[in-house]
**Q** 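What follows is a structure written as structure tokens; I'll ask about it next.
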Amino acid sequence: MNHVAVDSATPAANAYEPTAIELKWQAHWVATQAHEVRDDLPREKCYYVLEMFPYPSGKLHMGHVRNYTIGDAVARYQRMRGLHVLHPMGWDSFGLPAEQAAIERNAHPKAWTYDNIAYMRGQLKRMGFSYAWSREFACSDPGYSAREQDIFLDLVEKGLVYRKSAVVNWSTGLNTVLANEQVIDGKCWRTGMPVIQKELPTWYVRITSYAEELLSGTYTLPSWPDAVLTQQRNWIGKSIGAEIDFIVVGFADVKLTVFTTRPDTVFGVTFVSIAPEHAALASIVPATHRAALDAFVADVRATPTNDRAGDTAEKKGCFTGAFVINPVNGERVPLYAANFVVADYGTGVVMAVPAHDERDFAFAQKYAIPVRQVIVPNSGKLNELSEAFTDIGTLIDSAQFNGQRSDAAKLTITDWLAATGKGRKTVTWRLRDWGISRQRYWGNPIPFVYGEQTGVLPLRKADLPVTLPDDVVFDGIGNPLAKHPTWATTTADGQALTIRTNDGPEPARRETDTMDTFMQSSWYFARFTCPDAVAPLDAKRVNHWLPVDLYIGGIEHAVLHLLYARFFTKALSDLGYTTVREPFKRLLCQGMVCMETLYREQNDGKKQYFYPEEVKLERDAKGKLISAVALSDGQAVTVGRVEKMSKSKRNTVDPQHLIDAYGADSARLFILFAAPPEVDLEWNDDGLKGSHRFLKRLWTLAQDQRQRLQSVSAFAGHAKECSGADQAVVRKIHATIKKATDAMSKDFSFNVAIAGCMELFNELKPDALSPEVLKLGLETEVRLLAPMVPHIAHELWSHLHPNSGGVTAAGWPSYDPDQLQADDADYPVQVNGKMRGKLVLPRTLVGTELEAAVRAHPEFVRILGDQTIRKLVVVPGKIVNVVVG
RNA sequence: GGCCGAGUGGCGGAAUUGGCAGACGCAGUGGAUUCAAAAUCCACCGACCUCUAAAGUCUUGUGGGUUCGAGUCCCACCUCGGCUACCA
């Protein structure tokens with residue numbers, strides 16, 4: 001980055017100096033508590049805008065700056081429209097990086113986290129974001145985490161929390177559970193030690209009991225992006241089908257139930273596949289096949305779960321030696337263990353119909369299993385299947401169902417199965433319960449204890465909160481909480497921890513797992529409405545403010561966070577904390593901040609990335625990039641794709657440098673101007689300079705004209721009362737207000753609103769305009785730009801109106817539709833759809849009068865020449881199109 | 001494989017929702033200012049044809065269609081991006 005110092009020479013007396021102005025107004029906003037809001041105003045005059053709160057990782061990155069700039073522009077715009085705006089900010093402050101910092105640089109997670117918060121809070125303030133700082137909190141604050149423990153116990157009481165044993169990835173090096181992403185080639189990503197699959201009891205939240213409402217709710221959110229809604233629907237994954245019971249040959253009392261969405265193909269079953277982990281296998285596999293099967297299961301288990309997924313993975317199976325009976329035709333078919341059958345989806349057993357399922361077809365080919373076609377295309381029977389036929393067709397070889405259409409047969413066969421006791425209609429969900437246990441220190445403790453005799457018990461609310469000990473050792477191995485000498489067995493006042501039983505006190509040990517950090521982000525938006533409440537939530541204030549009118553964040557949270565937050569809201573409602581069932585009325589997913597990557601291919605095929613300031617780019621006369629060389633050695637560098645900014649690719653810009661060099665307003669303006677909010681933003685240093693240049697021009701014009709405009713009032717009459725440049729500019733002012741207002745109210749298209757302001761500014765030629773009209777023009781500029789560049793707008797407004805209540809109070813300007821256009825309209829003339837010229841005609845003319853005026857217009861006669869009119873289309877105020885022939 | 005989205009100058013992006021394509025900005029070119037540079041200001045700036053200009057031709061991923069008129073609507077296709085995935 002070539003950050004050029006701004007105005008390095010001695011500045012002129014009235015030069016634009018962003019830093020001084022910005023610090024001045026930021027201090028003013030703090031002193032006047034300008035962005036605090038009351039809770040007792042009519043809801044229809046209120047607006048709650050929220051950006052996804054940050055993890056305090058150290059310093060702001062460009063993604064944060066974009067997210068919060070968009071949110072702040074909305075907040076300030078809504079305030080100028082006269083609404084009372086709640087715009088809070090806080091910190092998602094529990095999480096793993098704090099523990100990594102503890103291991104790597106011997107900092108305490110708490111100190112590291114709160115130091116980061118202090119620094120990043122300063123950066124947010126330096127950007128001029130208009131937060132209600134009195135409501136700020138961090139999730140690791142005792143006031144928040146303790147209230148979350150209360151909610152946890154409420155969930156326990158409602159039956160929405162339970163403990164169960166499940167298979168997890170266990171690092172033998174770190175003695176901890178790993179996420180799938182942390183397992184690389186079956187080994188721990190940090191230590192390289194083997195990762196094993198281990199059964200471990202952990203805590204779950206029963207999100208699946210809300211599956212139906214989470215799904216139906218997606219149809220009540222018209223102001224959410226379709227992409228997010230469909231991702232959530234896919235994630236919930238409701239599928240309607242049938243369960244069918246297969247008896248195991250030789251075990252009259254053992255039945256294997258399959259789940260299928262294609263009961264119409266049940267007469268085509270030629271084998272059944274079963275998950276290798278399935279519990280029933282132990283009892284039904286004959287001794288002759290046990291060894292082979294055990295080897296197969298061991299092989300599957302050795303493969304990390306994420307390598308078993310995807311259609312690229314090889315389909316493998318193993319005959320179990322067992323056979324099952326297809327209940328619809330009494331046929332005996334083999335049972336295969338198959339690596340692609342998932343134990344915890346459906347029943348873990350799948351009826352296989354190679355003729356009508358691609359996976360089954362591939363499997364049947366590999367293991368030479370027969371293929372039996374029971375559905376034919378409506379065009380007739382296929383002679384030989386070279387691939388599975390999965391479309392709708394007509395049933396054959398299916399007893400009394402022959403001749404039915406396959407989609408209708410799904411229902412008739414399911415009904416028949418149910419009537420004859422062979423199966424039943426059923427619904428299966430992809431959504432799993434939410435595992436929330438983390439074997440880590442820097443999280444909210446799970447408020448449970450284990451009695452020596454009694455076993456697992458929740459704490460009583462009176463015994464909350466459970467607080468984290470400060471004296472912990474971080475060596476990267478195992479859970480620091482579990483290794484603490486006394487914490488798990490001692491109460492807050494140092495007594496041995498006991499629970500009360502009928503036989504008196506009983507020694508107990510605390511749960512040392514902590515909660516997933518997604519727990520905290522699932523209700524923080526509700527707590528912002530009442531951060532001082534003694535209870536977790538204050539129903540009156542929560543119901544007043546929720547749902548959030550506009551929630552802004554990245555689309556990467558489309559499923560996890562946004563689904564958990566929806567679930568939590570419903571659960572909180574059922575717990576009596578609120579009546580609201582959906583947390584976010586409107587969702588805006590802003591695009592990523594991107595930049596081109598610069599790299600050099602190494603001998604080993606890996607890429608060596610360069611920071612932008614390490615490379616010199618050369619362009620040809622048209623501006624097209626022709627070469628890139630490293631400054632260090634003058635050798636060529638490859639200019640790669642434009643990708644999301646990331647440290648590992650070195651295609652980053654530190655926002656702090658931009659603020660220091662150009663000021664917060666310039667950074668804000670460029671971010672909003674360079675792309676619409678939902679679109680990816682391609683970072684461009686020169687573009688930022690352009691935004692800075694615009695603000696400088698605006699500033700300079702306002703300073704040059706300050707004396708002249710001091711004693712006049714802005715023009716308040718109708719455009720018709722003035723003439724020449726004045727009249728054109730007054731009309732332009734009204735048109736610009738309309739353009740900006742439409743852009744903001746439709747999709748928050750800040751880029752269009754800003755472009756309109758730039759256009760208007762280009763018309764403000766002081767020598768050609770009366771001071772009244774010029775003042776109106778400048779005032780309009782300042783008011784329209786105030787949400788985007790608040791500091792310079794506040795400063796300039798104070799120059800234009802030294803004793804007023806400020807630009808926010810002045811409000812968003814309104815326009816007069818009657819003053820948008822001149823009396824005469826330009827009519828483009830098309831001949832057979834091609835542009836040929838222009839007519840100027842009064843706007844008042846319509847209908848036959850207008851058509852007569854067009855025909856009589858000398859320019860029209862000239863354009864037409866001697867051609868004869870076949871058809872004449874005249875659209876009032878728009879266009880003339882003549883068809884000649 | 002499934003779902004979602006996008007293709008407009010050298011680049012980021014506009015286009016009143018079917019009515020003058022390329023607003024605004026960046027980059028670039030020429031000029032003014034300057035000892036010089038930076039900064040600033042003025043002009044030009046889709047392609048082709050043309051000495052230049054006027055005029056003209058072409059142009060919104062490709063091919064069709066509807067219409068007086070299509071970047072916008074319909075049909076088919078191509079390319080790119082994102083998310084998700086042995087889900088039976």
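Chain A is the first sequence line, chain B the second, and so forth, proteins listed ahead of strands; every chain is numbered from 1. All heavy atoms count here, side chains included; hydrogens, waters and symmetry mates do not.
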**Q** Could you tell me which nucleotide pairs with B/rG7 by Watson-Crick or G-U wobble geometry, both distances under 3.5 Å, or answer none if nothing does?
**A** B/rC78
**Q** Searching all strands shown, indicate the nucleotide that pairs with B/rC41 (Watson-Crick or G-U wobble; both distances under 3.5 Å).
**A** B/rG31
**Q** Can you see if the side chain of A/Arg697 gets near the phosphate of B/rA39 - specifically, an N or O under 4.0 Å from OP1 or OP2?
**A** no
**Q** Tell me which of A/Lys878 and A/Leu681 sits closer to the 5' end of RNA chain B, going by the nucleotide each one is nearest to.
**A** A/Leu681
**Q** Using O4'-C1'-N9-C4 for purines and O4'-C1'-N1-C2 for pyrimidines, with syn meaning within 90° of 0, is B/rU17 syn or anti?
**A** syn
**Q** Any donor-acceptor pair under 3.5 Å joining the side chain of A/Asp686 to the base of B/rC26?
**A** no
**Q** So what does A/Ala755 hit on the nucleic acid, given a heavy-atom distance under 4.0 Å: a base, only sugar-phosphate, or nothing?
**A** base
**Q** Could you work out which one of B/rG13, B/rC24, B/rA21 sits closest to the side chain of A/Met835?
**A** B/rA21
**Q** Would you indicate what A/Gly237 reaches in the nucleic acid, counting non-hydrogen atoms under 4.0 angstrom: base, sugar-phosphate, or nothing?
**A** nothing
**Q** Searching all strands shown, indicate the nucleotide that pairs with B/rU57 (Watson-Crick or G-U wobble; both distances under 3.5 Å).
**A** B/rA47
**Q** Quick one: classify the glycosidic conformation of B/rG7 as syn or anti, with syn meaning within 90° of 0.
**A** anti
**Q** Looking at A/Lys746 and B/rU17, is any side-chain donor or acceptor paired with a base atom of the opposite kind under 3.5 Å?
**A** yes
**Q** Checking A/Arg432 against A/Tyr345: charged group under 6.0 Å from the ring centre and within 45 degrees of the axis?
**A** no
**Q** What is the distance from atom CD of A/Gln365 to atom NZ of A/Lys315, rounded to the nearest 0.5 Å?
**A** 13.5 Å
**Q** Heavy atoms under 4.0 Å, any strand shown: does A/Ser239 hit a base, just sugar-phosphate, or nothing?
**A** sugar-phosphate
**Q** Is A/Lys871 side chain donor-acceptor paired with the B/rC68 base, going by distance under 3.5 Å alone?
**A** no
**Q** Whole angstroms only, please: what is the CG-P distance between A/Asn762 and B/rA43?
**A** 10 Å
**Q** Does the B/rC20 base have a donor-acceptor partner in the side chain of A/Lys838 within less than 3.5 Å?
**A** yes
**Q** Nearest-Å distance, CH2 (A/Trp699) to C1' (B/rA39)?
**A** 18 Å
**Q** Can you label the angle between the A/Tyr367 ring and the A/Phe363 ring as parallel, tilted or perpendicular, going by 30° and 60°?
**A** tilted
**Q** Going by purine N1 to pyrimidine N3 plus the second Watson-Crick contact, or the G-U wobble pair, all under 3.5 Å, which nucleotide sits opposite B/rG1?
**A** B/rU84
**Q** Look at all strands and tell whether A/Asn751 reaches a base, only sugar-phosphate, or nothing, counting heavy atoms closer than 4.0 Å.
**A** sugar-phosphate
**Q** Less than 4.0 angstrom between a side-chain N/O of A/Asn684 and OP1 or OP2 of B/rG13, yes or no?
**A** no
**Q** What closest approach, in Å, do A/Lys739 and A/Gly756 show between heavy atoms, and which atom pair accounts for it?
**A** CD-CA, 4.2 Å
**Q** Scan A/Gln830 against the nucleic acid and name what it touches under 4.0 Å (heavy atoms): base, sugar-phosphate only, or nothing.
**A** base
**Q** With a 4.0 Å cut-off on heavy atoms, is A/Asp742 in touch with a base, just the backbone sugar-phosphate, or nothing at all?
**A** nothing
**Q** Just call it for A/Pro225: base, sugar-phosphate, or nothing, with non-hydrogen atoms closer than 4.0 Å on any strand.
**A** nothing
**Q** So A/Asp680, base contact, sugar-phosphate only, or nothing? Heavy-atom distance under 4.0 Å.
**A** sugar-phosphate
**Q** Classify the ring geometry of A/Trp699 against A/Tyr16: parallel below 30°, tilted from 30° to 60°, perpendicular beyond 60°.
**A** tilted
**Q** For A/Val679, answer base if it contacts any base atom (sugar-phosphate contacts may also be present), sugar-phosphate if it contacts only those atoms, and nothing otherwise; contact means non-hydrogen atoms under 4.0 Å.
**A** sugar-phosphate
**Q** Should the heavy atoms of other residues, nucleotides or ligands under 6.0 Å from NZ of A/Lys422 be counted, would the total exceed 12?
**A** yes
**Q** Of the nucleotides B/rA85, B/rU57, B/rC87, which one has an atom closest to the side chain of A/Lys834?
**A** B/rU57
**Q** For A/Val875 and A/Ala674, take the nucleotide of RNA chain B holding the closest heavy atom to each; which residue's nucleotide lies nearer the 5' end?
**A** A/Ala674
**Q** So does A/Arg430 get a side-chain nitrogen or oxygen closer than 4.0 Å to the phosphate oxygens (OP1/OP2) of B/rA85?
**A** yes
**Q** In whole Å, I'd like the distance from the CG atom of A/Asn832 to the C1' atom of B/rA70.
**A** 16 Å
**Q** Taking ring-ring contact (aromatic ring centres under 6.0 Å, His included) as the criterion, tell me which of A/Tyr336, A/Phe361, A/Phe246 meets it with A/Phe271.
**A** A/Tyr336
**Q** Taking only the side-chain nitrogens and oxygens of A/Arg693, find out if one of them lies under 4.0 Å from OP1 or OP2 of B/rA39.
**A** no
**Q** Using only side-chain N and O atoms of A/Arg641, determine if any of them is under 4.0 Å from OP1 or OP2 of B/rG81.
**A** yes
